[in-house]
Engineer: 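Structure in structure tokens, see below.
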Amino acid sequence: PDLTICVERTVLVWLPLAFLWLCAPWHFTTLCKKPAKAPLSTLYTRPGSADMCGANGAGVASVSFPVAFMVIKGYKRPLVQEDMWDLNEKDSSQAICQGFEDIMAIELKKARSSLQKKRNKPKTKDGHQNGLAKGVSQDVLDSESEYPNSWLVPTIAKTFKGVLLESAFFKLIQDLLSFASPQLLKLMISFTQDKSSHAWTGYLYAVLLLVVAFLQSVILQQYFQRCFILGMKVRTALMAAVYKKALVVSNDSRKESTAGEIVNLMSADAQRFNDVTNFIHLLWSCPLQIALAIAFLWIELGPSVLAGLLVMVLMVPINGWLATKSRSFQMENMKFKDKRMKIVNDILNGIKVLKYYAWESSFEAQVQEIREQELKVMRKFAYLSSVSTFIFSCAPAIVSLATFAVFVSVSPDNILDAEKAFTSISLFNILRFPLAMLPQLISIMVQTAVSKKRLEKFLSGDDLDTMAIARDDMIILFSVSLDIKPGRLVAVVGAVGSGKTSLISALLGELHSLKGRINIKGSVAFVPQQAWIQNATLKDNVLFGSDVNEERYRSVVEGCALGPDLDLLPGRDQTEIGEKGINLSGGQKQRVSLARAVYSSADVYFLDDPLSAVDSHVGKHLFERVIGPKGLLKDKTRILVTHGISFLPYVDEIVVLVNGVVSEVGSYDGLRASKGAFSEFLETYGKDESSNANANKGLSPIQRTSLQECIFVCTKACFIYIFFVFSVSLRKNSSVRSKKDSGDKKGQRLIEKEAMETGRVKFSVYLQYLRSMGWCLVTWSFLFYFIQNVAIIGQNVWLSDWTDDSVEYFNTTYPNHIRDTRIGVFGALGVAQGFLVFLGTILLADGSISASRTLHTSLLSNILKVPMMFFDTTPSGRIVNRFAKDIFTVDEMIPMSFRSWILCLLGVLGTLFVICLATPIFTAVVVPMAVIYYFVQRFYVATSRQLRRLDSVSRSPIYSHFGETVSGLSVIRAYGHQQRFLKQNEDTIDQNLKSVYPWIVSNRWLAMRLESLGNLVVFFSALFAVISRDSLNSGLVGLSISYALNVTQTLNWLVRMTSELETNIVAVERVREYVEIKNEAPWITTNHPPDDWPTDGNIHFENYKVRYRPELELILHGITCDIQSTEKIGLVGRTGKSSLTNCLFRIIEASEGQILVDGIDISTLGLHDLRSRLTIIPQDPVLFSGTLRMNLDPFEKSSDEEIWTVLELAHLKDYVRGLPTGLQHEVSEGGENLSVGQRQLLCLARALLRKSRILILDEATAAVDLETDDLIQNTIRTEFSHCTVLTIAHRLNTILDSSR
């Protein structure tokens, strides 16, 4: 029976409406209220509370209430890392990785054995490759059969099978439910057509529509929750696996991928896997949805569906072609990305040298060239994508056109009525999603396949063989046999490149043994030739993970002469040391490295030339107090590589290496008596060193060396006295003062925490992005998208009008001309949509590429112009993050989310317009819903955006720590601290996970609320259709409800895209942050010095004072001195020597006073004008990856003849001649395929090539043996005789021939 109209309307319509209107203001009030204590999320445990159940049990409620707490907190004030809850045990990276590694081991074993079988099949091919080529990163994707493949995906599937199956189950139910709505729509339309049916059946249908929609929402959210958690776990497992592999990978495997590439594996490739797992179920869900939709359409329209199906099938090959094309572009793109990141890494590692030599513009050009190629490929990729977008926006229109056209043409009895048309349209709308997703899915799978290969190749590489020690085709050491007794001190001597460091590496197991083995009894400590310092406090660097024993610590600090240095550091041993020990001098770094070894109290010590980087009196102190027969290590076994002759008489045994062969072993006296290579070596250098004092001809070597020491110390004492006499009083005051301050300064931080914007992303950031895209392109593409949306609405209104024909021509023949018009207009509007989207997308693609270009260019050029100070206080990981992750976001993510956002926004507006058009009363609902919607969205975005920022900021330390580990691998391995570093990596990843988990859950929180709003739209549009069924025709009812059914998804996407756009635009904000850093002085000013300046090379310091940073104390206290043309000046002193040279290059600017060079005040010149006219041979020989020629002459100003000449003068000609590619020989990352001595000689060659009148040698010969040192000194004497030379020295003989 019919209910009385009054009750019916009051209960079913006006009450829900009133509720809605009342709810809207409530949202205002919640913002002001204090939040109640909310129950905990199942994802976390609060700090200190017991473990809760895991994420997988999360029901509707659990996605709802606890997160509300965090969301409200996030709205009231920006969230910080401390607000994040602790992870569950089983969601921590350690638990995830453990399971993954166990299964990986099994799968990898299977893959290896199948590869072995494949290799054993008879196949002749000479696989030898020149060992030199190995230094260069080979393309990771070349040799597919060379490593075990196809094991990564099964490993992931088996590790996370639980979550995979659960999510699959939810997806299945959700897919089935989505087909209930069209059936209800069909019933609804037939209800409005049949005026005699009872009203309550209509209301029942409306409520049913609501219930079905709500169920669908809940299940969909459960599915998404699991997918995102899965993606995150996969990313975590892969990042940890890559890190663990990097710790154990053999040197051969490591040579095949540079540090930049390995960081890319951790960032980009692991992220790809994270993204693909969110979509993984669509592989089977899309075909299922397509099959079901076709089955239901068959029921509606009969065989004519086959016409639509045919159109779909025809699109598959087109898609396939597009996918393979885009795959090749993607691979090309990754290659350029790797190449670009490699150079950026190089630039950051050698930034000081680039500034000294004024080479920034050459390297900027190199990066820009690669970037242009990368953008070219991106543009092709974008055009290809717009073709596929065109096909897919046309697809639903063409499919429905083909189906309806065939349906009405087949027989005159087939008339398209509202029931058939709109049920079909809503089924076609369901089809639209899997069809649109398939191409996206294909392209994501393609990108992931590339990443999969890269990861498989790296993770299946050989591990370091700790049992024996290399398969390098270049044999470095030949049949070395040594037997070293416990507790002895053994010195290893030899010329540059004779294999001293290789011997130590071999003993540490870092090289590959062709035959033979090594036995080492007890634990090992290792001091590398170039000290490796962690970004931690000085004390942590010495303790290196050992327990604190204050007494031992103090004796080590004293023994390693670190006491006076501690007084100079602002926080004593709690001072934070920057990345790569940036705020320590070379000698301090070496002493900290030595202190770390001594403190570890191991049994065997490998000391690779630790005394070369320190002043000779400090070297003597270290030898006496630490290394020598009376030092701290007197009872330990010590192997000391050294160039210092003065220490040799005190060692137990000497090993002489010549070209990788042990030529002699014996005691000092024994070897001198045997008159072999060693005694010749001694004759030459002993005499050379002593020739300055004739009196010592008759002395024994021990007396002779001690006499030299004596002369040295005296000279040094006088020098220091003269040099610093005027600043003693200042220094006294400051040291008293610094003692007072040291209490407040304990642990002064050098590296600040990464700055993070808070609150809404400023509108100016969006404007900046749009401006870099170009306003013209943006406006036109928006216009095209808008017209396309009008075309969609037009098409559907036309269809609704078409269905009215079924009433008009009821029981009469349907005129052909009307039928043809209907089909023609319907089709034309469909194709127009496709073309408009195509044009809009192409314009947007052009815009986004120009934005990518603009942002990257301004970031790069600004980073090269910022002062050195910035690099000292910023970990390179942060800068790399800008160039890797943030530029990747600008390139790939922002254009996609921007496009989707525009389309979604227009879609939602269109939907609301159509519903209001059909049932004007609907506007009463739109207003309160819009208010609620706005608040839910604002509420949520504040939290989501901040969580995204926390994610970005907590990701940088992962990469920083990783970069640090890769550079200190040999040290970590030697001490056997791999486990500790693994643990540290897990903790860093956990910190990152703490902000990723809440982000996932808050997404579900929002989606649930929005979908409920969308479901209400469906409910009200159905409700109003029932109420006003007398005034409505069935076509309009069908139109408004089928539109409403679509709105849930579009609304959801709109907010998802709004928040995604906001979170992604943060990348632009982060890039902008680095674009706006204050620059150093301009490179070139209007005040040019004459072309031949400096002609004489006179340098005049006038009351010169300088400090590192405005808030720190002076490091040079008013220096005044005159240096005449062609004078050779030696600089000695404990600290401040390098600072002086930095001032000449204006790396540090003066606080007061000035420096005049040939009468010109250097502060008035452009930096490039100044730096390009001076030459320095720096303390650390920095080389860049590229050819030898590029390392000597990046601007290609010199001819080959000139380069060969300087190589000859630098004693490298024979070596370079012997290389297969000569000057084009590839130098690997950081110059690792050359010995330190050879690198130093290359730096000398660089200096010779520049031919400037002022030369600064910053401890330039510290890393070479006496023979090479001698060669360098002779070259400098002859080739730089007409120059003013400032030498900072550690060894007496390097400055003995200085004029002052």
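A quick note: this is a predicted structure, and the numbers were derived from the prediction, not measured. All values below come from the heavy atoms of this structure, side chains included, with hydrogens, waters and symmetry mates left out.
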Engineer: Does Lys171 reach the side chain of Trp284, with side-chain heavy atoms less than 4.5 Å apart?
Structural biologist: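 The answer is yes; the side chains approach within 4.5 Å.
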Engineer: If the plane angle is over 60° it's perpendicular, under 30° parallel, otherwise tilted; pick one for Tyr243 and Phe962.
Structural biologist: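 Answer is tilted, since the angle falls between 30° and 60°.
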Engineer: Might you work through the side-chain contact (heavy atoms from CB on, under 4.5 Å) test for Ser848 and Phe898, ending with a clear yes or no?
Structural biologist: CA-CA 10 Å; Ser848 59; Phe898 186 58; over 6 Å; no
Engineer: How far apart are the C-alpha atoms of Glu107 and Lys110, what are their side-chain angles, what is the distance that settles it, and do they pass the salt bridge (Lys or Arg N to Asp or Glu O under 4.0 Å) test?
Structural biologist: CA-CA 5 Å; Glu107 291 296 319; Lys110 285 186 200 163; 3.5 Å; yes
Engineer: Determine, stepwise, if the pair Lys245 / Asp463 fulfils side-chain contact (heavy atoms from CB on, under 4.5 Å).
Structural biologist: CA-CA 8 Å; Lys245 186 68 185 182; Asp463 287 357; 2.5 Å; yes
Engineer: Classify the side-chain pair Asn881/Ser956 by whether it contains a donor and acceptor separated by less than 3.5 Å.
Structural biologist: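 Looking only at side-chain atoms, Ser956 and Asn881 do form a donor-acceptor pair, the distance falling under 3.5 Å.
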Engineer: Judged by atom type as modelled, is there a donor-acceptor pair below 3.5 Å linking the side chain of Ser1228 to the main-chain atoms of Asn1233?
Structural biologist: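 Present.
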Engineer: If I take atom CD from residue Gln221 and atom CG from residue Asn1003, how far apart are they, to the nearest 0.5 angstrom?
Structural biologist: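 The CG atom of Asn1003 is 9.0 Å from CD of Gln221, to the nearest 0.5 Å.
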Engineer: Mind running side-chain contact (heavy atoms from CB on, under 4.5 Å) on Ile887 and Arg882 for me, showing each step along the way?
Structural biologist: CA-CA 6 Å; Ile887 289 290; Arg882 297 294 192 282; over 6 Å; no
Engineer: For the pair Glu101 and Lys244, find out whether any cationic side-chain nitrogen is under 4.0 Å from an anionic carboxylate oxygen.
Structural biologist: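 Here Glu101 pairs with Lys244 in a salt bridge, since their nearest N and O are under 4.0 Å apart.
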Engineer: State which residue, out of Asp175, Leu172, Ile280, fulfils the side chain to side chain contact (heavy atoms under 4.5 Å, CB included) condition with Ser285.
Structural biologist: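 With Ser285 as partner, side chain to side chain contact (heavy atoms under 4.5 Å, CB included) holds for just one option, Asp175.
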Engineer: Within this structure, what is the CG-CD distance for the pair Asn985 and Gln94, rounded to the nearest 0.5 Å?
Structural biologist: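 Rounded to the nearest 0.5 Å, the CG-CD separation comes to 12.0 Å.
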Engineer: Return the NE2 to CG distance between His856 and Asp886, rounded to the nearest 0.5 Å.
Structural biologist: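 The CG atom of Asp886 is 11.5 Å from NE2 of His856, to the nearest 0.5 Å.
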Engineer: Roughly how far apart are His281 NE2 and Tyr223 OH, rounded to 0.5 Å?
Structural biologist: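 Those atoms lie 5.5 Å apart.
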Engineer: Is any side-chain heavy atom of Phe381 less than 4.5 Å from a side-chain heavy atom of Asn333?
Structural biologist: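 Counting from C-beta outward, Phe381 and Asn333 never come under 4.5 Å.
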Engineer: Hey, what do you get for CG (Leu459) to CG (Leu238), rounding to the nearest 0.5 Å?
Structural biologist: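 Separation between the atoms: 7.5 Å.
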Engineer: Taking the side chain as every heavy atom from C-beta outward, state whether Trp85 and Lys994 have any pair of such atoms under 4.5 Å apart.
Structural biologist: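 Answer no - side chains too far apart.
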Engineer: Give a yes or no on whether a salt bridge exists between Glu332 and Lys380, defined as a side-chain N under 4.0 angstrom from a carboxylate O.
Structural biologist: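 No.
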Engineer: With no hydrogens and no angle check, is any side-chain donor or acceptor of Arg272 less than 3.5 Å from a backbone partner on Ala268?
Structural biologist: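 Checked: no pair found.
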Engineer: Indicate the ring-plane relationship of Tyr975 and His977, choosing parallel, tilted or perpendicular according to the 30° and 60° boundaries.
Structural biologist: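 Judged by the thresholds at 30° and 60°, the geometry between Tyr975 and His977 is perpendicular.
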Engineer: Are Trp1005 and Thr943 packed together at the side-chain level, in the sense that at least one heavy-atom pair is separated by less than 4.5 angstrom?
Structural biologist: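 A side-chain contact is absent here, since even the closest heavy-atom pair is not under 4.5 Å.
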Engineer: Taking the side chain as C-beta and beyond, is there a heavy-atom pair between Phe883 and Leu859 under 4.5 Å?
Structural biologist: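 In contact.
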Engineer: In terms of side-chain geometry, is the basic nitrogen of Asp346 or Lys342 positioned less than 4.0 Å from the acidic oxygen of its partner?
Structural biologist: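 So Asp346 does not pair with Lys342 through a salt bridge.
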Engineer: How far does CG of Asp91 sit from CG of Asp86, to the nearest 0.5 angstrom?
Structural biologist: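 Asp91 atom CG to Asp86 atom CG measures 12.0 Å (nearest 0.5 Å).
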Engineer: Is any NZ, NE, NH1 or NH2 atom of the basic residue among Lys452 and Asp269 found under 4.0 Å from an Asp or Glu carboxylate oxygen of the other?
Structural biologist: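 No, Lys452 and Asp269 are not salt-bridged.
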Engineer: Please step through salt bridge (Lys or Arg N to Asp or Glu O under 4.0 Å) for the pair Glu261 and Arg454, ending with a clear verdict.
Structural biologist: CA-CA 10 Å; Glu261 279 171 2; Arg454 289 158 55 98; over 6 Å; no
Engineer: Testing the 3.5 Å rule here: is there a donor-acceptor pair between the side chains of Gln98 and Asp102?
Structural biologist: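 Present: a donor and an acceptor within the cut-off.
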Engineer: Indicate whether any N or O donor in one side chain lies under 3.5 Å from an N or O acceptor in the other, for Asp990 and Ser92.
Structural biologist: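 Result is no, nothing qualifies.
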Engineer: One pair to check against side-chain contact (heavy atoms from CB on, under 4.5 Å): Thr874 and Tyr1074. What are the steps and the verdict?
Structural biologist: CA-CA 11 Å; Thr874 311; Tyr1074 276 17; 3.6 Å; yes
Engineer: Under a 4.0 Å threshold between the charged nitrogen and the carboxylate oxygen, would Lys453 count as salt-bridged to Glu456?
Structural biologist: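 Salt bridge between Glu456 and Lys453, a charged N being under 4.0 Å from a carboxylate O: no.
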Engineer: Under a 3.5 Å distance rule, please check whether Ser93 uses its side chain to pair with a backbone N or O of Glu986 as donor and acceptor.
Structural biologist: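 At least one qualifying donor-acceptor pair exists.
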Engineer: Identify whether NZ of Lys or CZ of Arg in Arg980 sits under 6.0 Å from the centre of the six-membered ring of Phe544 and within 45° of that ring's axis.
Structural biologist: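 Here Arg980 passes the 6.0 Å and 45° test against Phe544.
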Engineer: Would you please test Asn992 and Arg235 for side chain to side chain donor-acceptor pair (under 3.5 Å) and show each step?
Structural biologist: CA-CA 12 Å; Asn992 177 243; Arg235 191 192 91 194; 2.4 Å; yes
Engineer: Quick one: does any side-chain atom of Gln81 pair with a main-chain N or O of Gln991 as donor and acceptor, under 3.5 Å?
Structural biologist: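 Such a contact is found between Gln81 side chain and Gln991 backbone.
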Engineer: Under 4.0 Å between a Lys/Arg side-chain N and an Asp/Glu carboxylate O for Glu374 and Arg371?
Structural biologist: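 Answer for the salt bridge query: yes.
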